[in-house]
Amino acid sequence: MMDIAATPTPATAAAAPAAPPRPRGKTAAETAQAFEAVFVGQITKMMMDTAEVSDTFGGGHGEEMFRGVLAEQLGTTIAKGGGIGLAPIVMQEIVRLQGGASHVD
C-alpha cells in the first residue's frame, strides 16, 4: 500500500533542492593508499623471503602458508599509518590524469 502523505506533490518536489549525485568509486586518496599498501606488502614479502628462518622460533608449513598474508597485512598497516610517502605522489598523478577529479570510478 502506498503512503499518500509521504508522496511529494509537484509543489513540494520543486521546493526541495536536488541532492548532488554521490560519486560511485573510491576517492583518489583511497585508491592511492590502497596502491601503496599493495606495493609495501609486495616489498615486505620479498624481504621476508630473503630472511633466514630460525629452527627454534620459525619455519614449518604454517609459516610458509601465512607468510604472504602477514606481508599483506603489514603493507596495509604501514600504508594506513602514513606509509612510505608513495600515496600522496600517486594521488597527485591520479588527480592530474583525471583532469582534477578527486573520485575514481
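Being a predicted model, the structure only gives us computed values, none of them experimental. Only this structure's heavy atoms are used, side chains among them; waters, hydrogens and symmetry mates stay out.
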Would you say the side-chain atoms of Thr50 pair up with the backbone N or O of Met47, donor to acceptor, closer than 3.5 Å? yes
When rounded to the nearest 0.5 angstrom, what is the spacing between OG1 in Thr31 and CD in Glu36? 13.0 Å
dist Glu72:CD -> Gln42:CD (nearest 0.5 Å) comes out at 9.0 Å
Evaluate Arg67 against Val53 for side chain to side chain contact (heavy atoms under 4.5 Å, CB included), listing each step before the verdict. CA-CA 12 Å; Arg67 186 176 287 182; Val53 178; 3.3 Å; yes
Residue pair Gly75 / Val40: nearest heavy atoms and the distance that separates them: CA-CG1, 3.8 Å
Hey, what do you get for OG1 (Thr27) to CD (Gln33), rounding to the nearest 0.5 Å? 9.0 Å
Quick check: closest heavy atoms across Ala32 and Ala87, and the distance to 0.1 Å? CB-O, 3.2 Å
Can you tell me how far apart CD1 (Ile78) and CG (Leu86) are? Round to the nearest 0.5 Å. 12.5 Å
Verify the cluster assignment for Met48 and Met46: are they in a single hydrophobic cluster under the rule of side-chain heavy atoms below 4.5 Å apart? no
How many angstroms lie between atom CD1 of Ile84 and atom CD1 of Ile89, to the nearest 0.5 angstrom? 9.0 Å
To the nearest 0.5 Å, how far apart are CD1 in Ile94 and CE in Met91? 8.5 Å
